[in-house]
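Step one of this worksheet: look at the structure below.
Since we're looking at a predicted model, the values are computed, not measured. Values reported hereafter were calculated over all heavy atoms of this structure, with side chains retained and with hydrogens, waters and symmetry mates removed. Below, chains carry the letters A, B, ... as their sequence lines are ordered, and counting in each starts from 1.
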Number of protein chains: 2
Amino acid sequence: MRIGELSRRTGVPVPTIKYYVRAGLLPSGELTSPNQASYGEAHERRLRLVRALLEVGGLKVAAVAELLAVVDDQNRTPHKVLGAAAARLGGPGDDDEDEEAVAARAEVEALAARRGWKLDESNAATADLVQALATMFRLGHGEFARVLDDYAEAAERVARADLDHVGRSGDLEGIVESMVIGTVLGEVVLAAMRRVAHVNASADKFGDGSGPAGA
Amino acid sequence: MRIGELSRRTGVPVPTIKYYVRAGLLPSGELTSPNQASYGEAHERRLRLVRALLEVGGLKVAAVAELLAVVDDQNRTPHKVLGAAAARLGGPGDDDEDEEAVAARAEVEALAARRGWKLDESNAATADLVQALATMFRLGHGEFARVLDDYAEAAERVARADLDHVGRSGDLEGIVESMVIGTVLGEVVLAAMRRVAHVNASADKFGDGSGPAGA
DNA sequence: GTTAGCGGAAAGTGCCGCTATCCATAAACT
DNA sequence: AGTTTATGGATAGCGGCACTTTCCGCTAAC
């Protein structure tokens, strides 16, 4: 298959595919002559994955490139891939440790202790959690910490389900791929579901008969 | 307080504050002379909220403006505000209804029936959910649907906790604000926690002794 | 009375994800 | 065989976005 057909099959414009190759999101096709290359099914599959991570997952091009580099690494392990995927999600990271951040970190550490979690200092997710909580404090909503255990319970349930699901994927290739997809798209699914559940629960609690919550 | 002090207190540069006023994120100060204005505590509070929604929540400036317009609306209700907040999160929305999207929608409707959820057609969260699931199908990961009930259980638990928490906020003003903050920042908290839980559960399941999952 | 800060408007900046244009070559039609 | 179309590769340009800079005439503070 040449680039034109790859484009037709996936709906991704040819120049965009070329751009992805340059950016390291997609391996270049196998050269059959100095200026002809052929693409296989693996390329098509990878391209669809790239588009999903970019469009649905909301990752940046550079983040996808880094993540896929780990996926393609010879020394990959499921654990490493999961860590790499987790590290590409979430915000940029804020190194300031003001008063609220310290309080938030303490709250997170207490939660981790209750949960038996080991907080990995190199895990960006921990930093994201602390930052979000610190922001709550700064906005005068420190009481939000009271629902953290409910959140943790929910997070654990989802994480367990995800890993069970991933385990059913057979070979390493399948495990790694469903880990990436599950981590990134799963986050989108969970967030959307939470919003659906919110609106439903709110209709019960605050329902004002004035119709849907709308846009 | 004049704009310079507002800037000093919040750490937001003066030109950025001016930009936010122009964009409708922040009411302009009260004019004391043709070209002097004074800002109060409400401005400071609102400015902090704006920064939180932008930086931590990841919302776009236009989305924050729309959301705050609903918050400031005289006819606001908690239910409407929640709907408005939910509508600003998530992707742009894809109107194509291909084969996978139909299957995904069926899956979501079946889930809603099991859960007793009412799917509001005007709710962007439903569309996000369908889109993410359709993407899973397109990537050949339709078996992900098997964990949807676990996700739903978790989402419901979190939604219930959120609404209980919001209910404790006293007056309408407080309820509305904690609804916005809880919806937007809560999503960040839940996502981060899920990633923390993933890495912990993965260390148990796939732990390879080779140290942290790292970046 | 000088200097710093202000409100308001308009233009400019830097990043990012593409998109357009070129070129020489190769493939596909006729 | 000859013309049209597509390709790989490289470079430049574009549109959106969140600011930032610059400018102006005016005001407040030392």
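Side-chain N or O atoms of A/T135 include one that pairs as donor or acceptor with a backbone N or O of A/Q131 at under 3.5 Å. Between the B/R194 side chain and the A/T183 main chain, a donor and an acceptor come within less than 3.5 Å of each other.
Regarding contacts with the backbone of D/dA28, a side-chain N or O of B/S33 is found under 4.0 angstrom from either OP1 or OP2.
Contact check for A/V12 versus A/Y20: side-chain heavy atoms found under the 4.5 Å cut-off.
When distances run from any side-chain atom of B/R2 to the nucleotides C/dG7, C/dA26, C/dC6, the shortest one goes to C/dC6.
Following rounding to the nearest Å, A/N35 (CG) and C/dA28 (C1') show an atom-to-atom distance of 15 Å. As rounded to whole Å, 16 Å separates atom P of D/dA29 from atom CD1 of B/I3. At whole-Å resolution of the value, CD in A/Q36 and C1' in D/dT7 are 5 Å apart. Counting to the nearest Å, the C1' atom of D/dG9 and the CD1 atom of A/I17 are 15 Å from each other. The interatomic distance linking B/M1 (CE) with C/dG7 (P) rounds to 12 Å, in whole Å. Atom CD in A/E30 sits about 13 Å away from atom P in D/dG8, given to the nearest Å. Between A/L31 atom CG and C/dA26 atom P the separation is 12 Å, expressed in whole Å.
Sequence neighbours left out, the pairs with a member in residues 23-52 of chain B that pass ring pair (Phe, Tyr, Trp, His ring centres under 6.0 Å) are B/Y39-B/H43.
Residue A/T126 forms a side chain to side chain contact (heavy atoms under 4.5 Å, CB included) with just one option from A/L129, A/N123, A/D128, and that option is A/N123.
Ion pairing of A/R76 with A/E173 is present here, as a side-chain N (NZ or NE/NH1/NH2) and a carboxylate O approach within less than 4.0 Å.
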Protein-proximity profile, nucleotides 10-23 of chain D, B/S/- by nucleotide at the 4.0 Å heavy-atom cutoff, equals -B------BBBB--
